[in-house]
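Here the structure is a predicted model, which means the values were calculated and not measured. We use all heavy atoms of the structure for the numbers below, so side chains are in, but hydrogens, waters and symmetry mates are not.
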Amino acid sequence: MQVELVDVVKASQFNLMKKFAFIVLMIQGLMVFAQKTINSETLKTFNVNEDSKKVNSAYAENMFFGIFGVKHFINALDVNYKGVKSITITSNANPKIKTPVYKALYNQDGTLDMFEISEQIGNALQVKYDYKEGVIAKEVIHYQGKNAILNTFYYNDDKMYIEKPNQKFEIVWLEGNVLLKKVYTENNVGTEDRLMHNCRITRSIGQDINKVCFNDANFKIPLVITDYVPEVDANTLKINLLKGEESQIKSIGTNKFAIVLQGKEKFHISLDKENRIKSFNYLGNPALQEKPIEFTFAYTMF
């Protein structure tokens, strides 16, 4: 059978590509191995650029909604905080309690200065931020009845580094709109994230232990998130990530949205005409005798 010259060229190109791919994989493997340990002292720099500010903003925004595990969905709403001086959130869960469940103060440049959470929705705490060159330099966390915790922040280009107590050190960065991080203890890696095919995968002790996939890496509505559930093989102790439930945020009317978790609508959000959040409603769970709760947002402006 006659072999065409073009086939020989294609085969040669294919072999070169395979060799190149193998070399790339070897280099990547060495890079990953090298990153298993760090010298945190060499990372304590303060080289800030626009990418640093984007990571910083993604870290600090929508803290209230992280309590309910729906921060990603709120990010998709692109909430407007321009000109906001303070946000106060109250609820109707207990008519006898008039104090806010959450309060946040902002600086004139739109950065978060401080927020407080009451015991009505979690562990009571206050978080205060100190800024340098437009980004967080220090984060002071006061839990009720406990000593303050100080986290110190450093930056280099698109990476943010957070030094925490007990010799913990985090590297935080953005890929698209997905926030990723590596966590080190005593300069040895504990957990590390990576982004593959719009999926954030978390690895620990040599195995993937968590996977979350986004239908749209740009976080546009309708945003659908698929969680993968870890299953451990009793014999090999290998972790398999099995596809679990899909969650989503969808439009249900003008400036009205629903968050669906495990096939059921769990939260409703209403925005005002300025694209600020007006209300955030938990729809309750009759099976657990949990009543609906309405969280109402009030703003003061500069």
Between F295 and the options F68, Y102, F65, the ring-ring contact (aromatic ring centres under 6.0 Å, His included) test singles out F68

CZ-OG distance between F257 and S270, expressed to the nearest 0.5 angstrom: 9.0 Å

Look at the side chain of T42 and the backbone N and O of N39, then say whether any donor-acceptor pair between them is shorter than 3.5 Å. yes

Closest approach of Q207 to L237 (non-hydrogen atoms, all atoms of both residues): NE2-O, 3.3 Å

Report the relative orientation of the aromatic rings in F219 and H72; use parallel for angles under 30°, tilted for 30 to 60°, perpendicular for over 60°. perpendicular

I need the I249 CD1 to I225 CD1 distance, nearest 0.5 Å. 9.5 Å

Would a hydrophobic clustering, with Ile, Leu, Val, Met, Phe, Trp and Tyr connected at side-chain separations under 4.5 Å, put I141 with L112? yes

With no hydrogens and no angle check, is any side-chain donor or acceptor of D216 less than 3.5 Å from a backbone partner on N198? no

Residues E170, K164; criterion salt bridge (Lys or Arg N to Asp or Glu O under 4.0 Å); working and verdict: CA-CA 8 Å; E170 294 184 2; K164 296 188 171 185; 3.1 Å; yes

N255 versus D272, closest heavy-atom pair with distance: ND2-O, 3.6 Å

Shared ILVMFWY cluster between L223 and L179, side chains joined below 4.5 angstrom? yes

Let me see the working for L242 and Y228 under side-chain contact (heavy atoms from CB on, under 4.5 Å), right down to the final yes or no. CA-CA 5 Å; L242 306 179; Y228 284 75; 5.9 Å; no

Are K103 and Q126 packed together at the side-chain level, in the sense that at least one heavy-atom pair is separated by less than 4.5 angstrom? no

Derivation of the side-chain contact (heavy atoms from CB on, under 4.5 Å) call for E116 and L125: CA-CA 6 Å; E116 295 177 338; L125 64 86; over 6 Å; no

Taking atom OG of S91 and atom CD1 of I97, what is their separation to the nearest 0.5 Å? 7.5 Å

By side chain to side chain donor-acceptor pair (under 3.5 Å) - contacts of E246 (at least two apart): none

Euclidean distance, T191 OG1 relative to R203 CZ, rounded to 0.5 Å: 12.5 Å

Check whether I74 and I67 end up in the same hydrophobic cluster, where Ile, Leu, Val, Met, Phe, Trp and Tyr are linked by side-chain heavy atoms less than 4.5 Å apart. yes

Which atoms form the tightest heavy-atom contact between M63 and F115, and what is the distance? CG-CE2, 3.8 Å

Out of curiosity, I38 CD1 to I171 CD1, how far, rounded to the nearest 0.5 Å? 5.0 Å

Which residue is it: N56, N47, T45? I am looking for the one with a side-chain hydrogen bond (donor to acceptor under 3.5 Å, both in side chains) to Y155. N56

Does atom CZ (F302) have a neighbourhood of more than 12 heavy atoms from anything else shown, all under 6.0 Å? yes

Compare all side-chain heavy atoms of Y161 with those of F169 and state whether any distance is below 4.5 angstrom. yes

Under the 3.5 angstrom rule, does the side chain of N166 hit a backbone N or O of K168 as a donor-acceptor pair? no

Just to verify, what does E139 make a side chain to side chain donor-acceptor pair (under 3.5 Å) with, not counting sequence neighbours? Y59, Y129, N151

L180 versus R194: any side-chain heavy-atom pair under 4.5 Å? no

Distance under 6.0 Å and angle within 45° of ring axis: R276 vs Y299: yes

Any non-hydrogen side-chain atom of K138 less than 4.5 Å from a side-chain atom of L150? yes

Exam field: side chain N107 to backbone D109, donor-acceptor pair closer than 3.5 Å: no

Please answer: with hydrophobic residues joined when any side-chain heavy atoms are less than 4.5 Å apart, are F297 and V70 in the same cluster? yes

Quick one about T37 and N187 (side-chain donor to acceptor, distance below 3.5 Å, no hydrogens or angles considered), yes or no? no

Any heavy-atom pair between the side chains of Y154 and M160 that's under 4.5 Å? no

Please list all pairs meeting salt bridge (Lys or Arg N to Asp or Glu O under 4.0 Å) that have one or both residues in residues 39-48, counting only residues at least two apart or in different chains. E41-K44, K44-E163

Taking the cut-offs as 6.0 angstrom to the six-membered ring centre and 45 degrees off its axis, would you call K132 and F46 a cation-pi pair? yes

Closest heavy-atom pair, M301 versus V84, reported as atoms and distance to 0.1 Å, is CE-N, 3.8 Å

Under 3.5 Å: donor-acceptor pair, side chain of E119, backbone of A124: no

For D233, does the CG atom sit with more than 12 other heavy atoms under 6.0 Å from it, leaving out its own atoms? yes

After noting the C-alpha distance and the side-chain angles of E294 and Y282, does the key distance pass the side chain to side chain donor-acceptor pair (under 3.5 Å) rule? CA-CA 6 Å; E294 179 178 4; Y282 172 58; over 6 Å; no

Atom CG of N156 and atom OG of S52: how far apart are they, to the nearest 0.5 Å? 7.5 Å

Give the cluster check for L261 versus I221: same hydrophobic cluster or not, with ILVMFWY residues linked at side-chain heavy-atom distances below 4.5 Å. yes

Check whether any side-chain heavy atom of W173 sits under 4.5 Å from a side-chain heavy atom of V178, and report yes or no. no

Here the pair of heavy atoms bringing I269 nearest to F280 is CG1-CD1, 3.6 Å

If you count the non-hydrogen atoms of other residues, nucleotides and ligands that lie under 6.0 Å from CG in N123, is the total more than 12? no

Apply side-chain contact (heavy atoms from CB on, under 4.5 Å) to the pair K266 and L283, showing each step before the final yes or no. CA-CA 5 Å; K266 295 289 187 180; L283 303 183; 5.9 Å; no

I'd like to know if the side chain of D193 and the backbone of K181 have a donor-acceptor N/O pair within less than 3.5 Å. yes

side-chain contact (heavy atoms from CB on, under 4.5 Å), that's the test. Do F64 and I121 meet it? Break it down for me. CA-CA 10 Å; F64 170 76; I121 55 172; 3.6 Å; yes

Would T300 and S86 count as having a side-chain donor-acceptor pair, cut-off 3.5 Å? yes

Step through the shown structure and confirm whether more than 12 heavy atoms of other residues, nucleotides or ligands are within 6.0 Å of CD1 on I205. no

Within-4.5 Å side-chain heavy-atom neighbours: K250 and V260: yes

Walk me through whether N62 and Y81 qualify under side chain to side chain donor-acceptor pair (under 3.5 Å). CA-CA 10 Å; N62 295 321; Y81 294 113; 2.5 Å; yes

Taking the side chain as C-beta and beyond, is there a heavy-atom pair between F267 and N281 under 4.5 Å? no

What are the two closest heavy atoms between L77 and N275, and how far apart are they? O-ND2, 3.3 Å

